[in-house]
Amino acid sequence: MSSSADFSAIASQLADESTVFLDLDVGTQKEKILNYLIAKAVEAGRATDREGIVTAALEREEKAPTGLPGGIAIPHCRHDGWTQPTLIFARFNSATEFTTPDGPADLLFFIGVPASNSAIHVDILAALAKALQDKGFRAVLRGAENDEEAARIISEHITTAPRRKAKKPSSKTSIVAITACPTGIAHTYLAAEALTDAAQSMADVALTVETQGSAGTKEAPADAIKRADVLVIAADIGVTGLNRFNNMPQLKVPIRKAVNEPIAVIEQAKAIAEQARVRGYDRKASAPKDDNGQETNSQTGTASAATASEGPQVVNKNRARRSSLSGEKSFGHWIRDAIMTGVSYMVPFVAASGLLIALGFLVGGHQVGLVADAVTRNLKPSEIIGLDAPVAVPTQDLGTVLIDRSGLWLYLGSALFAIGDHGMQVIVAVMSAYIAFGMAGRAGIAPGFIGGAIAVTVGAGFLGGLVTGILAGLVVALLLRMKVPDWLQPLMPVVVIPMLGAMAVGLTMYLLLGMPLAWLMTALQQWLQSLDTTAAFLFGGLLGAMMCVDMGGMVNKAAYLFAVANAASADPASWKIMAAVMAAGMVPPLATSLAVVLRPKLFSSAERQNGKAGWVLGAAFISEGAIPFAAADPLRVIPSIVVGGAVTGGTSLALGAATRVPHGGVFVLFAIDNQMAWLAAIGLGSIVAAALIVAAKSMWPRKTVIDEEESTAALSVES
C-alpha cells in the first residue's frame, strides 16, 4: 500500500477538467460511453491504448456489476495503456446501460491505473468508496455548474477521505472444485469457468477445478490436492475419485449455484476452510475407513455437505456413506442425484448407439434394420461384399428381403446397425447399474446391471430399469452397513454383496414387480402410438415447455430423462419424443440470439456478445446458452422461451419427427427422421420466443435490480 504522502500527491492529480464530463449524452451503450471517455483520456495524455482499455473494462463489467446504491457506477480496470492513475467523472442526462440498485446510474466514476500499480488502484477505490458515503459529495456533484468546479470537488474529497488501515497479509485459501452435470456437457464447463473467473477476482483464493464431463475427467494435480484447504463439489450427480481427498472438508452445492453464484460458493468454501482450521483439520491425515475397513470412497455421491439453504458446514466423511440413510441428506435428494448419475452414464451409450444405427441406415439403406442381424450372423463378408445391387438376403422371419444396395455397402450398413443395436440393448441395464452406483458406490453396479437386464427380459423397459436401480442401491446400501467378522470383510464387496444384492433384485422382479411394470410400459407405448395430432401437439408442448423453464434444472432433466428412456425403446413411436425434446431444448439460445439481432438496443453489450455465441450453442442443443439472458431479465425472458419451446415441442411431435440420438442438435441432422418438419418446428418456436422477448422488453422496459450486498461485494472484491 502507498504511504499517505504518496497517495495525497497522486490523489491531487487524479482528476482535472480534462477528465470531467458534465451532462454527457453519447448514447446508452456501455461500449460507446467508455470509448468516448477513454478517447478523451488519450487526448489528454493520460492513456495510450483506447481499444485495449475499453476491452479490459468491459470484461471487468461482465464479471460482476459495479453499480452502487445512490445511482453511482464505478467501472475500473488496470491496464498497461494508462500512463498515470486517472479518475474520470461523467454525469449523464439520460438512462444508460450502467445500472445500480436504484436504477440507471446518473453519476459515473472510471478508475484507470497502470497494470503494475495495483496498490494505488485499491487505494483510489477505497478512498472513492469512503467519499461516496457522504451524501453531500454526491449532491454537490449533481449540482456542479462546470467542469472546473466538479474536478475541484472530486480532488478535495478523494484527498481527505479516510485511508484504509493496512492489514497483515493473510494466507490464501486453497480450494479444489469438482464440477459435474448429468449430461456432462454444458453445466460442467460453465460452472468451471464461472468459479475460475470468480476466484481470479479474489486475492485471497487459489482455485483448481477438476471437470468430470463428457470429454473425460481433467483431474486436479496431486500438488493442488495436497495443499487444498477445502473441496467444493458442484454437481447434480455422483462424482468419482473422492478417495484422493482423504478427510478434507467438503462443500457440496447444486451445479446451477456454481454457475449463477460463483462468488457466494467460494465464500462458503472459505468459511468451511476457516471452521476446519479452528477445529484442527490436518491436510496430511490419513483417509478414513468405512464400516468394512476399506478406505472411504465417496463415489456414492451421497456425501452430505452444505447447500445453498443449509449454509456452510464441515463434512465428516466417516459418516458420508451412511448419510442418506441417517437423515443427513433427504431421501428424495438421494434418489434424485442417483437417477441423474444413472442418466449421465447412460447418455453416451444412447448417443453412440443411436448415431451408429443412423449411420447404418445411411450406408445400408432404409431396410437395413430388417436384415442386419441375418447379414452379420449368417453371411460371411466374402459371400456378400462383391455382389451388385440389389442383394437378396434370406431372413428367418421375413423370408427373402431385396435390398437396393451393393454387397459392400449392405454389409457395412448392417455391421454399423448391429453394433448400435447391441448398444441399445444394454442401455437399460447401464442406467440401472449406475443408479445403484449413485446410491451405494461400486458395490451397487453388479446388482443394478443384473436387475436392469432382467427388466429388459420381462418387458419392463426403462421403468423397470429405474425400479431395479433404486432397489439395488437400497439393498446394497443396507448390506454395506452390516457388521461382519474380519475374515469375511475381503469377500463382502467382491462376492457377498453383489450376490445378495442381485438375488434380492432379481427375485423381486420375477416374483412381484416384473409383470406390473411390463404392463405399464406396454400401456405407455400404446398410448404414444394412439396420439392424434391435437393430443400429440399438447403432449409435445408440455415436454417442450419443461425443457425451457429452467434450462438444465430438475424440470428440464425430468423431460430429458423421459425422452432418453424412450429413445432406448424399440418402438419407433417413442423416438418422436426424443426429437421433440431436443428441438425444444435448442430454442432458448436460438431465440435470445434472434431477439438480439432483431432489436440490439434492448440488450446490454454483454448480452449482445452472448447472443453471438448463442447461435452455435443453440444449434448444438446446449440450452444453457440462454442462462445469462434469463438471469438478467427472468420475468420477460423465461415465459417467452417457455412458450417458444412449447410451440417447438408440440409441432415436432405432431409432425412426426423422430430420432434415437439424444444430443448433438443440427450436427446430427442425418440421424433425424422427417428432417424438414423438425427444422421447421425449431424455426417456428425460435421466432415465436424471440418475438415475445422483443415485445415484452419493448412494452415493459427493464429496470435492472442488483442486490445491494452484491454491489458492495463487487467493490470490495477489488479492495
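Count residues from 1 along the sequence.
With D49 contributing its side chain and G81 its backbone, the two residues share no donor-acceptor pair below 3.5 Å. Judged purely by atom type and a 3.5 angstrom limit, T179 has no side-chain atom pairing as donor or acceptor with the backbone of A234. Under the 3.5 Å distance criterion, the side-chain polar atoms of W82 are left unmatched by any main-chain donor or acceptor of R46. For S652 (side chain) and A657 (main-chain N/O), no donor-acceptor pair under 3.5 Å exists by modelled atom type. Checking side-chain atoms of R138 against main-chain N and O of L132 turns up a donor-acceptor pair under 3.5 Å. At least one donor-acceptor pair under 3.5 Å links the side chain of H76 to the backbone N or O of I74. Listed for the Q675 side chain is a donor-acceptor partner under 3.5 Å among the backbone atoms of L669. Not a single donor-acceptor pair under 3.5 Å links the side chain of D147 to the backbone N or O of S18. Between the E149 side chain and the E145 main chain, a donor and an acceptor come within less than 3.5 Å of each other.
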| query | Could you go step by step and tell me if V113 and I124 meet the side chain to side chain contact (heavy atoms under 4.5 Å, CB included) rule? | reply | CA-CA 9 Å; V113 175; I124 297 170; 4.0 Å; yes
| query | I53 and T55: side chain to side chain contact (heavy atoms under 4.5 Å, CB included), yes or no, with the steps? | reply | CA-CA 5 Å; I53 293 173; T55 300; over 6 Å; no
| Between S593 and K612, does a side chain to side chain contact (heavy atoms under 4.5 Å, CB included) hold up when you go through it step by step? | CA-CA 7 Å; S593 296; K612 295 176 183 177; over 6 Å; no
| request: Show the numbers, then the answer: is there a side chain to side chain contact (heavy atoms under 4.5 Å, CB included) between R660 and V350? | output: CA-CA 7 Å; R660 299 189 81 174; V350 181; over 6 Å; no
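Scored by the salt bridge (charged side-chain N to carboxylate O under 4.0 Å, His left out) test, R50 finds no partners at all (sequence neighbours excluded). Qualifying side-chain contact (heavy atoms from CB on, under 4.5 Å) partners for A105, counting only residues two or more places apart in sequence or in other chains: A73, F98, T100. For the side-chain contact (heavy atoms from CB on, under 4.5 Å) test, residues two or more places apart in sequence or in another chain that qualify with V661 are L355, T659, V668, A671. For K30, the salt bridge (charged side-chain N to carboxylate O under 4.0 Å, His left out) criterion is met by E61, not counting sequence neighbours. Evaluation of the side chain to side chain donor-acceptor pair (under 3.5 Å) rule for T533 yields no partner, not counting sequence neighbours. For D106, the salt bridge (charged side-chain N to carboxylate O under 4.0 Å, His left out) partners two or more places apart in sequence, or in a different chain, are R142. Remark: A595 pairs with F603, A690, I693, V694 by the side-chain contact (heavy atoms from CB on, under 4.5 Å) rule, at least two apart or across chains. Under the ring pair (Phe, Tyr, Trp, His ring centres under 6.0 Å) criterion, F92 pairs with no residue at all, not counting sequence neighbours. Among residues two or more places apart in sequence or in another chain, the ring pair (Phe, Tyr, Trp, His ring centres under 6.0 Å) test is passed with F21 by Y36. The side-chain contact (heavy atoms from CB on, under 4.5 Å) check on L692 picks up S640, V643, V688, with sequence neighbours excluded.
R91 CZ to D25 CG: the interatomic distance, rounded to the nearest 0.5 Å, is 13.0 Å. Taking CG from L602 and OG from S698, the interatomic distance works out to 4.5 Å, rounded to the nearest 0.5 Å. For the atom pair CZ of F670 and CD1 of I672, the computed distance is 9.0 Å after rounding to the nearest 0.5 Å. Expressed to the nearest 0.5 Å, how far CD1 of I33 lies from OG1 of T96 amounts to 4.0 Å. Taking CG from L653 and CG from L542, the interatomic distance works out to 11.0 Å, rounded to the nearest 0.5 Å. Summarising the geometry, atom CG belonging to L14 is positioned 8.5 Å from atom OG1 belonging to T19; distances are rounded to the nearest 0.5 Å.
Aromatic ring orientation, F89 versus F109: tilted (interplanar angle from 30° to 60°). Using the six-membered ring where Trp is involved, H663 and Y560 have ring planes that are perpendicular, over 60° apart on the 30 and 60° scheme.
Here the shortest heavy-atom pairing between A559 and M546 reads CB-CB, 3.9 Å. Heavy atoms only, all atoms of each residue included: I154 and A15 are closest at CG2-CB, 4.2 Å. For the pair S623 and P588, the tightest heavy-atom approach, listed with the atom from each and the gap, is O-CB, 4.1 Å. In terms of heavy atoms, I641 sits closest to A689 at CA-CB, 4.0 Å. L195 and L207 make their closest contact through O-CD2, 3.3 Å (heavy atoms, listed as atom of the first residue, atom of the second, distance). Closest of all the heavy-atom pairs between A626 and P589 is CB-N, 3.7 Å.
Proximity of L251 to I233: side-chain heavy atoms (C-beta onward) are nowhere separated by under 4.5 Å. Looking at heavy atoms from C-beta onward, L87 lies out of side-chain contact with F110 at the 4.5 angstrom threshold. Proximity of F629 to V596: side-chain heavy atoms (C-beta onward) are separated by under 4.5 Å at one or more points. You'll find the side chain of K257 reaches within 4.5 Å of the side chain of V265, heavy atoms only. Using a 4.5 Å cut-off on side-chain heavy atoms (C-beta onward), I38 and I88 make contact. Looking at heavy atoms from C-beta onward, V666 lies in side-chain contact with M586 at the 4.5 angstrom threshold. Put simply, the side chain of L594 reaches to within 4.5 Å of the side chain of W615, judged on heavy atoms. Within the 4.5 Å cutoff, no side-chain heavy atoms of V42 are placed close to those of T48.
Identified under the salt bridge (Lys or Arg N to Asp or Glu O under 4.0 Å) test for residues 31-41, with sequence neighbours left out: K40-E43.
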Which pairs of donor and acceptor atoms, one on a side chain in residues 680-687, lie under 3.5 Å apart (sequence neighbours left out)?
residue	atom	partner	partner atom	Å
S686	OG	I682	O	2.8

